[in-house]
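In what follows, a single structure is set out as structure tokens and then discussed.
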Amino acid sequence: MGKDTIADILTLIRNADMNRKRTVRIPCTNIIENIVKILLDEGFIENSRKYQGKKRPFLLLTLRHRRNRKGPSRTSFNLKRISRPGVRIYSNYQRIPRVLGGIGIVILSTSLGIMTDREARLRKIGGEILCYIW
């Protein structure tokens with residue numbers, strides 16, 4: 001794990017999805033728990049469970065897979081990290097981008113917590129754009 005835990009988690013999920021793994025084990029922090037909760041609510045993952053490891057807690061995610069997929073490079077969903085520790089990207093609620101015309105979601109870190117782009121537009125608050133998921 002590097003210094004950018006969100007990018008590391010997104011990479012773990014992306015790699016497990018490309019290799020058709022049914023479950024993936026990721027370290028647990030408050031930010032990661034909130035992001036996983038959004039992924040679960042939006043239907044990108046099937047289930048998540050929190051376990052206590054020997055040293056730290058971890059999450060076990062059950063990924064959603066399409067049946068009869070061909071080739072290892074086809075993924076069921078894509079994840080892209082936007083704001084990085086070196087370059088932070090902020091947006092007000094009027095300029096939050098729409099991913100694929102509203103099909104995908106944008107995860108933001110706001111003053112009221114981590115939320116999706118739709119919820120941030122409804123509450124009329126902006127924040128740091130963490131990642132795109134489609």
Side-chain angles (χ1 to χ4, degrees):
M1 300 297 293
K3 302 219 184 236
D4 189 6
T5 57
I6 296 172
D8 292 340
I9 297 306
L10 294 177
T11 302
L12 284 172
I13 295 171
R14 186 182 313 112
N15 288 343
D17 184 51
M18 285 192 324
N19 290 325
R20 298 183 191 166
K21 301 286 185 188
R22 183 83 174 139
T23 60
V24 61
R25 181 178 164 172
I26 59 174
C28 183
T29 62
N30 290 335
I31 294 172
I32 300 304
E33 277 188 71
N34 292 332
I35 291 173
V36 167
K37 184 177 176 235
I38 289 173
L39 290 174
L40 191 61
D41 292 342
E42 295 289 329
F44 289 105
I45 60 174
E46 283 184 19
N47 192 8
S48 71
R49 292 186 182 224
K50 186 175 182 179
Y51 293 103
Q52 181 62 41
K54 292 180 181 176
K55 295 182 181 178
R56 339 176 36 188
F58 64 91
L59 290 169
L60 190 66
L61 305 180
T62 305
L63 300 179
R64 183 177 303 274
H65 285 289
R66 286 188 243 147
R67 299 191 195 283
N68 300 326
R69 275 192 345 187
K70 302 273 192 278
S73 62
R74 290 206 39 164
T75 60
S76 59
F77 63 97
N78 295 312
L79 305 113
K80 183 177 181 185
R81 178 79 158 121
I82 301 302
S83 185
R84 292 180 165 78
V87 180
R88 302 286 186 185
I89 307 295
Y90 296 94
S91 176
N92 61 7
Y93 76 95
Q94 297 159 337
R95 295 185 185 255
I96 297 173
R98 295 184 189 272
V99 179
L100 293 178
I103 295 173
I105 62 170
V106 177
I107 296 181
L108 294 118
S109 176
T110 66
S111 59
L112 299 178
I114 295 178
M115 62 182 66
T116 63
D117 55 338
R118 287 181 223 115
E119 190 177 349
R121 282 190 199 96
L122 287 175
R123 293 186 181 192
K124 295 188 176 182
I125 56 173
E128 180 183 354
I129 299 175
L130 297 178
C131 60
Y132 294 161
I133 300 170
W134 69 94

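The structure presented is a predicted model; accordingly, all values stated were derived computationally and were not measured. Positions are given from 1 along the sequence.
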Fill in: I9 with I82, same ILVMFWY side-chain cluster at under 4.5 Å
no
Worksheet item: Does I35 share a hydrophobic cluster with V106, counting links as ILVMFWY side-chain heavy atoms below 4.5 Å and allowing steps through other members?
Response: no
Response to the item:
Rounding to 0.5 Å, atoms SG (C28) and CG (L59) come to a distance of 4.0 Å
Worksheet item: Atom CE in M115, atom NZ in K37: separation rounded to 0.5 Å?
Response: 10.5 Å
Discussion item. Could you check whether atom CZ of R22 has more than 12 heavy atoms from other residues, nucleotides or ligands sitting under 6.0 Å from it?
Written reply: yes
Worksheet, complete the sentence: Correct closest heavy-atom pair for R118 and G102 would be NH2-O, 3.8 Å
Worksheet, complete the sentence: Tested for side chain to side chain contact (heavy atoms under 4.5 Å, CB included) against C131, the lone hit among L10, L79, V99, I105 is L10
Worksheet, complete the sentence: Between L108 and G127, the two heavy atoms sitting closest are CD2-O, 4.0 Å
Worksheet entry | Crowding at CG, L12 (>12 non-hydrogen neighbours, <6.0 Å) | yes
Worksheet, complete the sentence: Taking every heavy atom of T110 against every heavy atom of G126, the minimum-distance pair comes out as CG2-O, 3.5 Å
Worksheet item: Counting distance only, does the side-chain N/O of R81 pair as donor-acceptor with the main-chain N or O of I6 below 3.5 Å?
Response: no
Worksheet item: What distance do N47 atom CG and L61 atom CG have between them, rounded to the nearest 0.5 Å?
Response: 9.0 Å
Discussion item. Side chain to side chain contact (heavy atoms under 4.5 Å, CB included) for I31 and T5? Distances and angles first, verdict last.
Written reply: CA-CA 9 Å; I31 294 172; T5 57; over 6 Å; no
Worksheet item: Could you state the interatomic distance from CG (L130) to OG (S109), rounded to the nearest 0.5 Å?
Response: 5.5 Å
Worksheet item: Is there a side-chain contact between V36 and I26, using heavy atoms and a 4.5 Å cut-off?
Response: yes
Fill in: Closest contact, heavy atoms only, I96 versus A120
CD1-CB, 3.9 Å
Practice prompt. Starting at CG of L39, measure out to CD1 of I133 and round the result to the nearest 0.5 Å.
Written response: 4.5 Å
Discussion item. Donor-acceptor check, side chain of R121 to backbone of R123, threshold 3.5 angstrom: yes or no?
Written reply: no
Practice prompt. Treat each ILVMFWY residue as a node, draw an edge where side-chain heavy atoms are under 4.5 Å apart, and state whether Y132 and I38 are in one component.
Written response: no
Worksheet item: How many angstroms lie between atom CD1 of I89 and atom CZ of R84, to the nearest 0.5 angstrom?
Response: 9.0 Å
Discussion item. Determine whether I45 and R64 satisfy the following criterion, side chain to side chain contact (heavy atoms under 4.5 Å, CB included), listing intermediate values before the conclusion.
Written reply: CA-CA 5 Å; I45 60 174; R64 183 177 303 274; 5.9 Å; no
Worksheet item: Taking all atoms of both residues into account, what is the closest heavy-atom pair of P97 and D117, and its distance?
Response: O-OD2, 4.0 Å
Worksheet item: Looking only at heavy atoms, which two atoms of L100 and G104 are closest? And how far apart?
Response: CB-N, 4.4 Å
Worksheet entry | Within 6.0 angstrom of R98 CZ, more than 12 heavy atoms from elsewhere | no
Discussion item. Under the criterion side chain to side chain contact (heavy atoms under 4.5 Å, CB included), I'd like the reasoning laid out for I103 against W134: C-alpha separation, chi angles, the key distance, then a yes or no.
Written reply: CA-CA 7 Å; I103 295 173; W134 69 94; 5.8 Å; no
Response to the item:
Sorted by chain and residue number, the side-chain contact (heavy atoms from CB on, under 4.5 Å) partners of N34 (sequence neighbours excluded) come out as I114
Practice prompt. May I ask whether I13 and I32 are part of the same hydrophobic cluster, defined by side-chain heavy atoms of I, L, V, M, F, W, Y residues being less than 4.5 angstrom apart, directly or through others?
Written response: yes
Worksheet item: Which pairs with one or both residues in residues 35-55 pass ring pair (Phe, Tyr, Trp, His ring centres under 6.0 Å), sequence neighbours excluded?
Response: F44-F77, Y51-F58
